[in-house]
Every structure is written in C-alpha cells, then in structure tokens.
A.B. asks: 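Supplied in structure tokens, the structure appears directly below.
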Amino acid sequence: MEHLQKTAIAGIGFHVPDRIVKNSDLEQWMDTSDEWIIERSGIKERRWIANEGGASSLAIQAAKNAMEDAKVTPDEIDLVICATITSDYFFPGISAQVQEALGLGLVGAFDIKAACSAFVYALSVGDQFIKSGQSKNILVIGAEVQSTALDISTRGRNVSVLFGDGAGAAILKRSLDDSEILSTHLHSEGRFLKELWLEAPASKYKSRITKKMLDEGRQYPIMNGREVFRNAVRRFPQVIHEAMDANHLTIDDITQIIPHQANLRISQSVAKRMGVSMDKVFSNIHKYGNTTAASIPIALTEARNEGKFKRGDHIILAAFGAGFRWASAAIKW
Ligand code: UT7
C-alpha cells in the first residue's frame with residue numbers, strides 16, 4: 001500500500017431509553033439490595049427499554065446524534081458497522097435495519113459480535129477501511145438491549161443487576177489535521193468461553209432450544225463473576241500499556257482513559273495499577289450499568305461533553321469482556 005490515510009473521529013453521540021430502573025426496583029423481583037449492588041459494582045440505576053424496540057431502535061437514534069455532531073448527511077455515509085450481541089433478531093443483524101431507517105444509500109453494512117470489546121473492534125475495522133481509502137465516512141455503532149434477555153429472578157441476580165440498555169455511535173472520516181486514531185490493539189482467549197456466555201438458542205443443537213433447556217435457564221446469560229473480574233483487572237492495564245507503548249506515550253501524556261463500564265471496582269483497580277487517580281479514568285456506570293458494546297461510545301460522548309478531554313489531547317479506549325476478548329485504541333482527539 002502506498003500512502004495510508006489517517007482516520008479521525010468526526011462526531012459522536014449516544015441514546016439510552018427513558019425508563020430508569022433503580023436498584024430498589026430490582027428488589028421486587030429478586031433477593032438483592034441497593035447496598036449490595038452499589039458496594040459490589042458502583043451501579044445505582046440502569047436504563048431498560050419500556051416495551052418492544054430492540055437494539056436497532058437505540059442504534060438509529062444514537063447514529064442520528066453522532067451524524068448531527070459530525071455534520072454529515074445520510075448520503076455521505078458509505079459504510080455501517082454495528083457492534084452488538086443483542087441484535088433484534090437471530091439474523092441478519094441490525095446494521096441493515098440502521099441503513100434502511102436512516103435513509104442511507106445502498107452501502108455496505110455488517111455487524112460485529114465481540115461483546116464488551118466490540119466497539120473497539122468495530123473502530124479498528126473502520127479505521128482500516130478509512131486508511132486504505134476504501135471508505136470516506138463510516139458510521140460505527142455499539143448498541144445493546146440486554147434487559148429482555150435477563151433472568152430477573154434470584155437465580156440470575158449476579159448478572160441481571162449489572163446490565164443495561166443503550167447505544168453510542170461515532171463517525172469516522174479521513175483526518176485532515178492532527179486528530180487521529182493512532183493505533184488499535186485486539187486480543188482474545190477462547191478457552192474462557194463459558195465464563196461469560198449465553199448458550200441457547202444454538203446452532204450446535206439440532207432444535208436449537210428445547211423446553212428442557214428453557215426450564216434449566218440456558219437461554220439466559222451466565223457469568224462466573226470472580227473469574228471475569230480476575231482477568232479484567234489484569235488485561236485492562238496490559239492493553240492500555242500496549243496502546244501507550246505503540247505510540248511512545250507515557251501515562252502522563254494521557255488525558256483520559258475511557259474504559260468499558262463493567263464494574264466501578266474494576267476501574268478503580270485499573271487506576272491503581274496504572275498509578276493514576278480516578279480523575280483520569282472515566283466512569284458513568286452508576287447511571288447506566290454495563291451496556292456491553294454501547295458502554296464505550298456512551299462514556300466517550302459523556303466524557304467529551306463534560307470537558308474531560310479536548311482537541312489535541314491523547315485518550316485511550318480500553319475494553320474487556322466475553323470471549324474473553326480485550327482491546328484498546330489510542331486516539332489523538
Ligand atoms: O463486561 C464484562 C463482564 N462483566 C464483568 O466484568 C463483571 C466482573 N465481575 C464482577 O463485577 C463481580 O464478580 C460481581 C459484581 C458480578 C460479583 O461481585 P463479587 O464480589 O465477585 O461477588 P460474588 O459473586 O463472589 O458473590 C458474593 C455473594 C454470593 O453469596 P455467598 O455465596 O457469599 O452467600 C452471591 O450469591 O453475593 C451473592 N450475590 C448477590 N447478593 C445480592 C450475587 N449476586 C447478588 C445480588 N444481590 N445481585
């Protein structure tokens with residue numbers, strides 16, 4: 001390849017459902033408490049869709065907000081990448097629904113299923129399309145509706161209190177100045193598949209799901225919280241260091257780390273291991289819980305809107321989740 005383009009994030013935005021579910025609301029369905037949830041996770045409330053809607057409905061609104069922020073029109077978007085594990089239907093993924101609803105041209109559109117790391121994965125893929133010159137304006141979205149898949153009985157409480165619904169989006173463009181996605185770093189370790197997974201319906205089984213499987217609760221997400229936690233606090237600092245090292249940056253050069261919002265205690269541990277205060281590690285988990293692929297673009301937008309970083313600053317996005325997969329991106333804003 002001769003001359004690579006640079007990719008800039010030209011606009012960002014997010015959207016969450018109006019319905020607020022407080023910790024105290026969860027107490028009516030399961031044996032849990034506001035104190036337990038706040039102490040173990042830092043979450044005070046999350047958004048759950050009120051009725052039907054699906055991830056595409058949140059994705060479309062987040063995309064509109066990001067397009068407005070970037071001042072791009074529907075006819076300028078030439079690729080759609082949606083990061084989600086909760087597409088409206090089993091197939092064909094939400095990106096084509098987004099393309100249709102936004103009135104985009106007959107452009108390429110595909111979904112990426114990489115759980116909590118998926119937005120950084122999608123950003124990395126989009127970055128390659130811009131760099132190669134194949135695309136000019138890419139819509140990258142992280143969108144999830146987890147609430148309709150949760151076991152809200154006491155059996156599922158270790159998972160269901162953590163997750164929320166939401167969507168965030170970014171517009172990628174060829175950079176014409178200093179702002180740039182400097183590098184992205186992607187990892188996976190598939191031997192941990194069953195530490196955080198949703199088993200069925202599954203192509204592995206002939207009928208995909210049976211009455212017996214439903215009775216056993218195998219249609220719900222299952223998590224070994226301690227194992228996920230143990231790996232997360234190790235992988236987050238590693239992948240942040242990887243992003244800094246690749247660009248000859250030190251932690252003093254980084255204005256803000258935007259981690260996937262999985263648990264406040266994980267972020268606090270990351271801050272401690274990185275030798276920084278929580279001022280440098282953005283957190284909004286108290287408001288939204290863990291929104292899987294949506295959490296980073298939602299956090300990125302809120303951090304920008306709150307003035308946590310400005311043009312020319314270096315920031316790092318970092319994610320860890322099911323797979324296990326983890327990833328980071330170093331960005332000059
Ligand atoms: O997006 C990436 C994926 N997710 C994560 O990164 C999450 C990683 N893990 C975690 O955040 C934490 O492990 C949890 C928040 C899930 C759990 O915190 P913990 O401190 O690891 O608690 P634990 O699982 O060891 O459970 C402690 C106790 C257990 O009771 P016993 O066995 O000590 O009697 C659980 O049954 O807390 C009980 N428990 C609950 N109690 C009230 C589990 N969930 C709940 C609940 N309310 N919702």
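In each ligand, atom 1 is the first atom listed, and ligand 1 is the first ligand listed. FYI, side chains are in, hydrogens and waters are out, and symmetry mates aren't considered; it's all heavy atoms of this structure. Note that this is a predicted model, so its numbers are computed, not measured.
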A.B. asks: Do the side-chain N and O atoms of Arg46 and Asn23 include a donor-acceptor pair separated by under 3.5 angstrom?
C.D. replies: yes

A.B. asks: Do you see a donor-acceptor pair shorter than 3.5 Å between the side chains of Asn290 and Gln261?
C.D. replies: no

A.B. asks: Is there at least one pair of N or O atoms, one from Gly225 and one from ligand 1, spaced under 3.5 Å apart?
C.D. replies: yes

A.B. asks: What atoms of ligand 1 come within less than 4.0 Å of a heavy atom belonging to Phe229?
C.D. replies: 8 (C), 9 (N), 10 (C), 11 (O)

A.B. asks: Measure Leu162 to ligand 1 on non-hydrogen atoms and call it side chain, backbone, both or neither using the 4.0 Å cut-off.
C.D. replies: side chain

A.B. asks: Answer side chain, backbone, both or neither: which part of Ala232 comes under 4.0 Å from ligand 1, heavy atoms only.
C.D. replies: neither

A.B. asks: Within the structure, does at least one protein heavy atom fall under 4.0 Å of atom 32 (O) of ligand 1?
C.D. replies: no

A.B. asks: Verify whether one side chain among Asn284 and Glu302 offers a donor that lies under 3.5 Å from an acceptor in the other.
C.D. replies: yes

A.B. asks: Using a strict cut-off of 4.0 Å, indicate which atoms of ligand 1 neighbour a heavy atom of Asn290.
C.D. replies: 1 (O), 2 (C)

A.B. asks: Specify side chain, backbone, both or neither for Asn263, according to which of its non-hydrogen atoms lie closer than 4.0 Å to ligand 1.
C.D. replies: side chain

A.B. asks: Between Ser160 and Asp151, does any side-chain donor sit less than 3.5 Å from a side-chain acceptor?
C.D. replies: no

A.B. asks: Assess the side chains of Ser328 and His185: does a donor N or O sit below 3.5 Å from an acceptor N or O?
C.D. replies: no

A.B. asks: To the nearest 0.5 Å, what is the distance between CG (Asp31) and CZ (Arg157)?
C.D. replies: 5.0 Å

A.B. asks: When you measure from atom 16 (C) of ligand 1 to each heavy atom in Arg226, Arg40, Met223, which option holds the nearest one?
C.D. replies: Met223

A.B. asks: Nearest protein heavy atom to atom 35 (C) of ligand 1, by residue and atom, and its distance?
C.D. replies: Arg157 NH2, 3.9 Å

A.B. asks: Below 4.0 Å, non-hydrogen atoms only: which portion of Ile266 touches ligand 1? Side chain, backbone, both or neither.
C.D. replies: side chain

A.B. asks: Determine yes or no for a side-chain-to-main-chain donor-acceptor pair under 3.5 angstrom, with Arg235 supplying the side chain and Trp326 the backbone.
C.D. replies: no

A.B. asks: Which residue and atom name correspond to the protein heavy atom nearest atom 47 (N) of ligand 1, and how close is it?
C.D. replies: Thr32 OG1, 2.6 Å

A.B. asks: Grab the two heavy atoms, one from Asn158 and one from Met223, that are nearest each other, plus how far apart they are.
C.D. replies: ND2-O, 3.2 Å

A.B. asks: Please report the interatomic distance OG1(Thr210) to CZ(Arg218), rounded to the nearest 0.5 Å.
C.D. replies: 7.0 Å

A.B. asks: Does the protein place any heavy atom closer than 4.0 Å to atom 39 (N) of ligand 1?
C.D. replies: yes

A.B. asks: Check this for me - ligand 1, Ser41, N or O atoms closer than 3.5 angstrom, yes or no?
C.D. replies: no

A.B. asks: On the 0 to 90° scale, with breaks at 30° and 60°, tag the Trp48-Trp29 ring pair as parallel, tilted or perpendicular.
C.D. replies: parallel

A.B. asks: Which of the atoms in ligand 1, numbered in the order shown and given with their element, are less than 4.0 Å from a heavy-atom of Asn158?
C.D. replies: 16 (C), 43 (C), 44 (N)

A.B. asks: Find all atoms of ligand 1 within a distance of less than 4.0 Å from any non-hydrogen atom belonging to Val228, and give their numbers and elements.
C.D. replies: 3 (C), 4 (N), 5 (C), 6 (O), 8 (C)

A.B. asks: Which ligand 1 atoms are under 4.0 Å away from a heavy-atom of Leu196?
C.D. replies: 3 (C)

A.B. asks: How does Met30 reach ligand 1, by side chain, by backbone, by both or by neither, if only non-hydrogen atoms under 4.0 Å count?
C.D. replies: neither

A.B. asks: Can you list the atoms of ligand 1 that are under 4.0 Å from a heavy atom of Val161?
C.D. replies: 48 (N)

A.B. asks: For atom 18 (O) of ligand 1, what's the nearest protein heavy atom and its distance?
C.D. replies: Arg265 NH2, 3.5 Å

A.B. asks: Any protein heavy atom at under 4.0 Å, with atom 29 (C) of ligand 1 as the reference point?
C.D. replies: no

A.B. asks: Main chain of Ser124, side chain of Gln128: is a donor-acceptor contact present, judged purely on distance under 3.5 Å?
C.D. replies: yes

A.B. asks: Tell me whether Asn51 at atom CG has more than 12 heavy atoms from other residues, nucleotides or ligands lying less than 6.0 Å away.
C.D. replies: no

A.B. asks: Using a strict cut-off of less than 4.0 Å between a Lys/Arg side-chain nitrogen and an Asp/Glu carboxylate oxygen, indicate whether Asp177 and Arg311 qualify as a salt bridge.
C.D. replies: yes

A.B. asks: Yes or no, since that's all I need: does a protein heavy atom fall within a distance strictly under 4.0 Å of atom 22 (O) of ligand 1?
C.D. replies: yes

A.B. asks: How far is atom 43 (C) of ligand 1 from the closest protein heavy atom, and which atom is that?
C.D. replies: Trp36 CZ2, 3.4 Å

